[in-house]
Amino acid sequence: MGTNLKEATEIKLALAKDLKSSQSSAEVDILQTKYLGKQGLINRLFKTLPIKTDPQIGRQINDLKKFVETRLQEKLTSVLTTTDKTHFDVTTPGLPIPQGSLHLITQAIEEIESIFLHLGFVRRRYPEVDTDWYYAEGLNIPKDHPARDDQETFYLSDTTVLTAHTSNGQLHEMELKKAPPIKMINIGKTYRRQLDATHTPMFHQFEGLVVDQGLNITHLLGITDYFAKSYFGPDRRTRLRPHHFQFTEPSFEIDISCEVCRGTGLIDNLACKVCKSGWLELGGAGMVHPQVLKNGGLNPTECSGFAFGWGVERVLMMKTGLPDLRLIYGDDLRFLNQF
Ligand code: PHE
């Protein structure tokens with residue numbers, strides 16, 4: 001097939017020159033008419049060259065036409081995306097707007113809150129900076145008690161602290177309500193002098209307080225079990241382990257059965273690597289100490305109560321298997337964008 005159609009070569013050369021000097025879509029439009037329009041250069045070839053007698057010529061002009069079309073289209077795309085700001089194509093899809101999402105901890109807090117709201121709890125927030133009375137003295141923690149250790153606690157002055165637990169909310173709630181029934185979930189920030197893979201200086205706790213007539217440990221267990229099944233899954237179980245807190249009597253640590261070994265502590269006859277014993281520690285709980293009820297203005301002969309205080313980061317790590325808390329509070333968007 002002959003490719004030496006003189007006119008085709010001339011048109012290609014002219015086109016190259018024209019493309020080089022066009023900077024806008026309007027200029028490309030003009031070239032479109034010049035080359036491909038009814039009266040354009042290509043059509044003129046169809047009319048003037050002997051295509052009837054030599055079908056090769058017709059084919060070559062068609063090839064040339066395709067070539068010109070492609071080059072003009074390329075040029076149009078390139079001016080639109082680079083230099084030509086005057087052209088606005090309303091049909092072009094918009095640029096995606098980067099979407100934010102709630103932080104992992106906020107999501108966990110919302111989930112925890114909704115579980116307790118289902119049980120009729122009221123959500124509360126109490127001060128993160130509080131006085132010695134609410135934070136310690138009123139909770140039966142005397143001046144010389146190790147829980148006052150300033151190795152652990154951020155003291156702001158002799159009598160004010162950054163709260164190291166949310167239990168200060170217990171006395172505030174009793175003062176606010178003045179009488180049972182009380183059923184609150186206080187979720188807030190807490191502070192301790194600590195920093196490693198599973199502890200940060202600022203973290204969150206959710207503190208439950210229920211006070212009414214005739215409450216006992218089985219009520220506490222019922223709530224604990226409901227929370228474990230709702231948050232972690234229906235096969236999870238809970239257990240109480242004796243413990244000591246100044247503001248509850250009796251006091252417990254609550255454990256949740258390990259998901260991996262299903263509470264047996266064994267996987268293929270070897271110790272489960274996740275929990276070692278079949279159980280994972282959730283946090284502290286107990287029956288409210290009568291002295292604390294008195295300190296909150298309630299009469300311990302007329303009512304009783306239970307309380308618990310668990311870590312938001314802790315339950316989140318237990319649920320997700322997240323290995324290092326510092327990821328949560330870091331600024332690595334590759335991690336944070338996944339949630
Ligand atoms: N305040 C305790 C802690 O931070 C937890 C707790 C809360 C224990 C309520 C008993 C009752 O470890």
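Order of listing sets the numbers, starting from 1, for every ligand and every atom in it. Atom set for the values below is all heavy atoms of this structure, side chains included, hydrogens, waters and symmetry mates excluded.
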Asks: Can you sort out the partners of Tyr231 under ring-ring contact (aromatic ring centres under 6.0 Å, His included), two or more places apart, ordered by chain and number?
Replies: Phe227
Asks: Between His204 and Tyr329, what is the ring plane arrangement, given parallel below 30°, perpendicular above 60°, and tilted in between?
Replies: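 The arrangement is parallel - the two ring planes meet at less than 30°.
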Asks: Take Phe116 and Phe308, measure what ring pair (Phe, Tyr, Trp, His ring centres under 6.0 Å) needs, and give me the verdict at the end.
Replies: CA-CA 13 Å; Phe116 285 101; Phe308 53 86; 5.6 Å; yes
Asks: For Asp332, what residues pass the salt bridge (charged side-chain N to carboxylate O under 4.0 Å, His left out) criterion, not counting sequence neighbours?
Replies: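 Residues passing salt bridge (charged side-chain N to carboxylate O under 4.0 Å, His left out) with Asp332: Arg334.
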Asks: Hey, does His219 have a side-chain heavy atom less than 4.5 Å from the side chain of Val210?
Replies: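 Answer no - side chains too far apart.
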Asks: Mind jotting down which residue pairs meet the salt bridge (Lys or Arg N to Asp or Glu O under 4.0 Å) criterion with at least one end in residues 104-118? Sequence neighbours excluded, please.
Replies: Glu111-Lys319, Glu113-Arg123
Asks: Distances for all N or O pairs of ligand 1 and the protein under 3.5 Å?
Replies:
residue: ligand 1; atom: 1 (N); partner: His165; partner atom: ND1; Å: 3.1
residue: ligand 1; atom: 1 (N); partner: Ser167; partner atom: OG; Å: 2.9
residue: ligand 1; atom: 4 (O); partner: Arg192; partner atom: NH2; Å: 3.1
residue: ligand 1; atom: 4 (O); partner: Gln205; partner atom: NE2; Å: 3.1

